[in-house]
Amino acid sequence: MSVTEKDVKYIANLARLQLTPEEVKSFAGDMNNILSYMDQLNEVDTENVEPLEHVIDLESRLRKDEAKQPLSHEDALKNAPDADSDYFRVPKVIE
């Protein structure tokens, strides 16, 4: 299977792209290179290879979802640059 310049123009039209004739030739060559690589990959024997979710085995780096005591009101406000007794004070940004 090969990609022609007509195919590239059709795909570009679907994507609402305007390509120059040089770009059409270039993309046709690039797409044909990709397809030839896919043909190469199809020749590889993968019969005894288990499907993978990731190429490398990753452990979850997220913390466990455990309920903990929330911050107290005083602790939440103690490092605020400007606060009154109950709230953070921030500069006015909307007029």
**Student:** Would you please name every residue forming a side chain to side chain donor-acceptor pair (under 3.5 Å) with Asp75, sequence neighbours left out?
**Tutor:**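 So Asp75 forms a side chain to side chain donor-acceptor pair (under 3.5 Å) with Ser72.
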**Student:** Do Thr4 and Asp7 have side-chain N/O donor and acceptor atoms under 3.5 Å apart?
**Tutor:**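 A donor-acceptor contact under 3.5 Å links the two side chains.
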**Student:** Looking only at heavy atoms, what is the nearest atom pair of Glu23 and Gln18, with distance?
**Tutor:** OE1-O, 4.0 Å
**Student:** Does Asn32 use its side chain to pair, donor to acceptor, with the backbone of Ala28 at less than 3.5 Å?
**Tutor:** yes
**Student:** How long is the straight-line distance from CG of Leu35 back to CD of Gln40, given to the nearest 0.5 Å?
**Tutor:**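 CG of Leu35 is found 12.5 Å from CD of Gln40.
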**Student:** Hey, can you pull the donor-acceptor pairs under 3.5 Å for the side chains in residues 88-95, sequence neighbours left out?
**Tutor:**
none

**Student:** Would you say Thr46's side chain and Val49's backbone share a donor-acceptor pair under 3.5 angstrom?
**Tutor:** no
**Student:** Could you tell me the separation between the CD1 atom of Ile34 and the CG atom of Asp39, rounded to the nearest 0.5 Å?
**Tutor:**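 Reported value, rounded in 0.5 Å steps: 12.5 Å.
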**Student:** How many angstroms lie between atom NE2 of His73 and atom CG of Asp86, to the nearest 0.5 angstrom?
**Tutor:**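 It is 4.5 Å, given to the nearest 0.5 Å.
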**Student:** Hey, any chance Ile11 and Val24 share a hydrophobic cluster, counting ILVMFWY side chains that come within less than 4.5 Å of each other, even indirectly?
**Tutor:** yes
**Student:** Mind checking the OG-CE spacing from Ser36 to Met31? Nearest 0.5 Å is all I need.
**Tutor:**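 Result: 13.5 Å between the selected atoms.
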